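Chain A is the first sequence line, chain B the second, and so forth, proteins listed ahead of strands; every chain is numbered from 1. Since we're looking at a predicted model, the values are computed, not measured. FYI, side chains are in, hydrogens and waters are out, and symmetry mates aren't considered; it's all heavy atoms of this structure.
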Number of protein chains: 2
Amino acid sequence: MLSDVMEDYLKAIYQLQRDHDERIKTSEIAEALDVTSPTVTSMLEKLEDRGLVDREKYRGVTLTDEGETVALEVVRHHRLLEAYLTEHLDYDWSEVHAEADRLEHHISEDFEQRVADALGQPTVDPHGSPIPSADLEPPDRPNGESVTEFSEGDIVVVEEVADRDPEVLSYLADHGVEPGVELEILEVAPFGMVTARSSTSEDDVSLPEGVAHHVRVTSPVEAES
Amino acid sequence: MLSDVMEDYLKAIYQLQRDHDERIKTSEIAEALDVTSPTVTSMLEKLEDRGLVDREKYRGVTLTDEGETVALEVVRHHRLLEAYLTEHLDYDWSEVHAEADRLEHHISEDFEQRVADALGQPTVDPHGSPIPSADLEPPDRPNGESVTEFSEGDIVVVEEVADRDPEVLSYLADHGVEPGVELEILEVAPFGMVTARSSTSEDDVSLPEGVAHHVRVTSPVEAES
DNA sequence: GTTTAGGGTTAGACGGGTCTAAAACCGAAT
DNA sequence: ATTCGGTTTTAGACCCGTCTAACCCTAAAC
């Protein structure tokens, strides 16, 4: 019923919406999907016709409930696949994203369920990102907050590393930045770069702003919220 | 580089070519892909431009070597997926075809290899159909011959059940017609229907011509060829 | 050797998804 | 209040894969 491409747009909007909680601008979507703005505009018209987004001309879009459900379905597929590939097909967490992106639109409900069963109904993927539940109810706010919110001396535990770039992920893994590990914040530079030391690595790691932004952590003291 | 649809055409031509060894007609492809003939004609022009088929106007097409290689790749994907789904995700052999059809165009080389490894480099899929090898060399003639070639009293062993319809496959499984089992031919009706009894079932099975045609068997005496 | 039935091909249209170029709009700065 | 910069949308084009309608070819029948 919906094309792959439409699903991609909805997923992109959903993920942008997670970050900053405002209407999503055409140019952001264009950027995210590597497409020009006129292309986005025309796609948004179609999504609006189908009742999947609320659009206000010149002011961006938000997902309707229906649109969000579709997005959640796609994200669920994506993250289940990521989990399955690392768990059962020996993929490294850094490699998994591209493959899941290819497959996420082409699996049946049946397949989704069997994969979820094989994994024991997991709730997070290998990057620590929450897997939407099978009922596709919008999940609560994401775990933790960006590591950039903390400051020198803080001890935090990594919840999620949401970067997509395999190079970056390999680098992070090499320096002990993975979900579950403890990090001591050594420095937060004014231009946003975070330097830290992982409990599982000797060396310090420096995370330029763009990378640090994708590393979500919690403070171990107030871990239960 | 090649679209999914092009791959589908090449796969269809390949499989039609396996059956009867002549040029493949437009209408056969149209039938196989559930598409009209003009659509096929225009697609064949594109495939010809890309050097994937040899076309003679009004006389059908054959695959070029390059076209055959592409088809083999797709078939390899398809059959590896079928094998993996039954082996590791608890699918029944009757359900597996549709899912593999969806996924076959969207898996990476890497994924293909990991699946093949996980299965121990299998050479046949759950229906007994040969899986093209990783080097994509054209395989030898298929195993066995159609059960319709045999006659009353013959004992044969099922090599391959190449039907795609889940209903038919379930029916066959229920009556003990699966790769590896022995069949006694009870009757071959003039209109092509074959009646047989499986060594693993009490009841007789009758296979209408269309179905029987997809059941390939070997005679156990001359099993090694 | 003509005719003719039937399948194949051309012609032209359409929707999807994309682009570039040009016009329209918003909002901030003067 | 006006202008200006930057973003968004409109306009128009293109390719893909598909369709229907009309035309054409082949091969078999006479």
Look at all strands and tell whether [X] reaches a base, only sugar-phosphate, or nothing, counting heavy atoms closer than 4.0 Å.
| X | result |
| --- | --- |
| Glu45(B) | sugar-phosphate |
| Thr26(A) | sugar-phosphate |
| Ser27(B) | sugar-phosphate |
| Glu31(B) | nothing |
| Ser42(A) | base |

Nearest-angstrom distance from the residue atom [atom1] of [X] to [atom2] of [N]:
| X | N | atom1 | atom2 | value |
| --- | --- | --- | --- | --- |
| Ile29(A) | dT18(C) | CD1 | C1' | 16 Å |
| Lys46(A) | dT10(D) | NZ | C1' | 14 Å |
| Lys25(A) | dC26(C) | NZ | P | 15 Å |
| Glu56(B) | dC24(D) | CD | C1' | 17 Å |
| Met43(A) | dT9(D) | CE | C1' | 16 Å |
| Arg55(A) | dC25(C) | CZ | P | 14 Å |
| Leu44(A) | dT10(D) | CG | P | 11 Å |
| Ile24(A) | dT7(D) | CD1 | C1' | 16 Å |

Intermediate values then yes/no, salt bridge (Lys or Arg N to Asp or Glu O under 4.0 Å), Asp101(B) and Lys11(B): CA-CA 11 Å; Asp101(B) 251 4; Lys11(B) 176 179 148 196; 2.7 Å; yes
Of all the choices, [options], which nucleotide is nearest to the side chain of [X] once you look at every atom?
| X | options | value |
| --- | --- | --- |
| Thr36(A) | dG8(C), dT8(D), dT20(C) | dT20(C) |
| Thr39(A) | dC19(C), dC19(D), dG7(C) | dC19(C) |
| Val5(B) | dA11(D), dT18(C), dG17(D) | dG17(D) |
| Pro38(A) | dA21(C), dT18(D), dT20(D) | dA21(C) |
| Tyr9(B) | dA24(C), dT20(D), dT18(D) | dT18(D) |

task: Tell me yes or no: between the side chains of Ser108(B) and Asp110(B), is some donor less than 3.5 Å from an acceptor?
output: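 No, because no side-chain N or O of Ser108(B) sits under 3.5 Å from a partner of the opposite role on Asp110(B).
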- prompt: Side chains of Glu68(B) and Tyr14(B): is there a donor and an acceptor less than 3.5 Å apart?
  reply: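 Per modelled atom types, Glu68(B) and Tyr14(B) side chains form no pair under 3.5 Å.
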Would you mind checking if [Y] and [X] are paired as a salt bridge, meaning a charged N to carboxylate O distance below 4.0 Å?
| X | Y | result |
| --- | --- | --- |
| Glu145(A) | Arg216(A) | no |
| Glu73(B) | Arg76(B) | no |
| Glu48(B) | Arg55(B) | yes |

task: Using heavy atoms to find the nearest nucleotide of DNA chain C for Tyr58(B) and Ser37(A) separately, return the residue whose nucleotide is more 5′.
output: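 Of the two residues, Tyr58(B) wins.
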- prompt: Taking the nucleotide of DNA chain C with the closest heavy atom to each, which residue, Arg59(A) or Asp4(A), is nearer the 5' end?
  reply: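 Counting from the 5' end, the first nearest nucleotide belongs to Asp4(A).
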N/O (side chain, Lys57(A)) to phosphate O (OP1/OP2, dT10(D)) under 4.0 Å: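 Answer yes for this pair, as a side-chain N or O of Lys57(A) is under 4.0 Å from OP1 or OP2.
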